[in-house]
Trainee: 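Take a look at this one; I'll ask things after.
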Amino acid sequence: MADSPSFRRHSLAASVDLVRWLPSAASPSERLLAAAIYDPSSGPTASSIHLLPLSDPTSPLASLPLPSRATALRCSPATLAAATSSGSLHLLPPSLDSDAAVAVPGGAGFHVGPVRGLDFGGEEWVTAGEDGRVHAVGGGGDGRLVARRVWDGKGMSGYEAARWASPAEFATGGAGCGVQWWDRRKGDAVVAQCNGIWGRGIVTGMVHSIDINPSRKHICVVGGSSGTIFAWDLRWPQQPIPLSGVGLNGTTELVFESEVWEVLFDTYTQSFDIISSASSKILPVMMCSEDGILAVVEQDERPLELLAEACAINSFDIDPQNPSDVVCALEWESIGVLTRGRDTMVEE
């Protein structure tokens, strides 16, 4: 008999902007979460990163203040990275030990304004900001961080997302630039670009999130404005594949209408489904939205709705060790933990 999914909501006393699973190596005995918290009543420590045990996310184990509100949060195997609305980048140990934290301050030499795109590529971090700048950030050999500017759009476009595909390639997306594919072997140049496909006849839209499947690095999935989710295959760069609409009698029915804040390839669904799927089919994708939807979408299939909340779901993360578990940041000062049973699979 299939197990039923369970959902637990944990109320906090502050807004939860972002949430991520920490690598299991950070605490082999207990699963831990990292959450970006914003509490304007706390004065100078209004913005902070909290270390939360899965067993009781309302009781933080540690916290570390940030100079401004967190706009991006990512984990590498040994580091937690946070970017902020004032343009700074902070690399933290999973324990949140402030003595071991290093940072690149915001400003003219780095980013001016929010850094929305952040990812680790094995050797360096990539940052992409609303100021139109893209940086590669790595260690300088003396304990300092060194930021090298890859691109400066000089305000003509702004970036909202970034994701590495390999140590030499990454993708970015935002406003006014669609999705761009960069290749460091070719002089840090954009080698391909996709304007995307947007709902309700809109010619251009805003990219909020990008994910790249490590087993199919030529394919990325994009979430953005107007309920848009599409896949982009570099083998056919001018033919994006819609995932947020279902074809009915030769027409396309939009199934999402609000901002799609985050998209991730769903490793749980594909673990059961990948054997029977055609190799050319886009793998299942999980998304969250401004109107409170957490769902799994597949090419040419109706979405499988996992949650329908009364508030926005700001972000979510799939546990890489136990992909049946999903944690999400709810706008109404809560963290939600969803555990899926096999009956939550998307059916063929």
Trainee: Any side-chain heavy atom of Pro114 within less than 4.5 Å of one from Thr71?
Mentor: yes
Trainee: Decide whether Ser55 and Glu30 meet the rule of one side-chain donor and one side-chain acceptor closer than 3.5 Å.
Mentor: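 Yes, side-chain donor-acceptor contact under 3.5 Å.
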Trainee: side-chain contact (heavy atoms from CB on, under 4.5 Å) between Ser48 and Leu64: does it pass, once the steps are laid out?
Mentor: CA-CA 5 Å; Ser48 59; Leu64 191 68; over 6 Å; no
Trainee: Is any NZ, NE, NH1 or NH2 atom of the basic residue among Glu262 and Arg20 found under 4.0 Å from an Asp or Glu carboxylate oxygen of the other?
Mentor: yes
Trainee: Quick check for you: to the nearest 0.5 Å, what is the distance between Ser166 atom OG and His218 atom NE2?
Mentor: 13.5 Å
Trainee: Does either side chain, that of Ser324 or that of Asn322, offer a donor lying less than 3.5 Å from an acceptor on the other one?
Mentor: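 The answer is no; no qualifying pair exists.
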Trainee: Can you say whether the rings of Trp125 and Phe120 are parallel (under 30°), tilted (30 to 60°) or perpendicular (over 60°)?
Mentor: tilted
Trainee: With rounding to the nearest 0.5 angstrom, report the CG to CG distance, Leu22 to Leu33.
Mentor: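 Interatomic distance, Leu22 CG to Leu33 CG, rounded to 0.5 Å: 7.5 Å.
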Trainee: Any chance you could lay out the side-chain contact (heavy atoms from CB on, under 4.5 Å) test for Asn213 and Ile219, step after step, and finish with the verdict?
Mentor: CA-CA 7 Å; Asn213 193 293; Ile219 298 175; over 6 Å; no
Trainee: Hey, could you give me the CG/CG distance between Asp188 and Asp183, rounded to the nearest 0.5 Å?
Mentor: 9.0 Å
Trainee: Between Asp97 and Ser95, do the side chains contain a donor N or O and an acceptor N or O under 3.5 Å apart?
Mentor: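 No pair is found: no donor N or O on one side chain lies under 3.5 Å from an acceptor on the other.
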Trainee: Look up atom CZ in Phe230 and atom OG in Ser244, then write down how far apart they are to the nearest 0.5 Å.
Mentor: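 Answer for the CZ-OG pair, Phe230 versus Ser244, is 9.5 Å.
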Trainee: Partners of Trp261 by ring-ring contact (aromatic ring centres under 6.0 Å, His included), sequence neighbours excluded?
Mentor: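 Trp261: ring-ring contact (aromatic ring centres under 6.0 Å, His included) contacts with His208.
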Trainee: Could you measure the distance from the CG atom of Leu294 to the SG atom of Cys328? Nearest 0.5 Å is fine.
Mentor: 6.0 Å
Trainee: Report, as yes or no, whether the 6.0 Å neighbourhood of atom CZ on Arg9 holds more than 12 heavy atoms from other residues, nucleotides or ligands.
Mentor: no
Trainee: Do Val337 and Leu307 belong to the same hydrophobic cluster, where Ile, Leu, Val, Met, Phe, Trp and Tyr are linked whenever their side-chain heavy atoms lie under 4.5 Å apart, directly or via other members?
Mentor: no
Trainee: Before accepting this row, confirm whether a basic side-chain N of the pair Glu169/Lys186 lies closer than 4.0 Å to the acidic partner's carboxylate O.
Mentor: no
Trainee: Can you see which heavy atom on Ala162 is nearest to which on Asp119, and at what distance?
Mentor: O-CB, 3.7 Å
Trainee: Begin from the C-alpha positions of Val137 and Phe110 and carry the test side-chain contact (heavy atoms from CB on, under 4.5 Å) through to its verdict.
Mentor: CA-CA 10 Å; Val137 182; Phe110 190 48; 3.9 Å; yes
Trainee: Could you tell me if His111 and Thr127 have a donor-acceptor pair between their side chains, going purely by distance under 3.5 Å?
Mentor: yes
Trainee: If we ignore angles and hydrogens, is there a donor and acceptor under 3.5 Å between the side chains of Thr84 and Ser86?
Mentor: yes
Trainee: Start with the C-alpha distance between Phe170 and Trp181, add both sets of side-chain angles, then the distance that settles side-chain contact (heavy atoms from CB on, under 4.5 Å), and finish with yes or no.
Mentor: CA-CA 6 Å; Phe170 63 89; Trp181 193 272; over 6 Å; no
Trainee: Give a yes or no answer on whether the side chain of Ser88 reaches the backbone of Gly106 with a donor-acceptor pair at less than 3.5 Å.
Mentor: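 No.
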Trainee: Would you compute the distance between atom CG of Leu18 and atom CZ of Arg74 and round it to the nearest 0.5 angstrom?
Mentor: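 Nearest 0.5 Å value for the CG-CZ distance: 9.0 Å.
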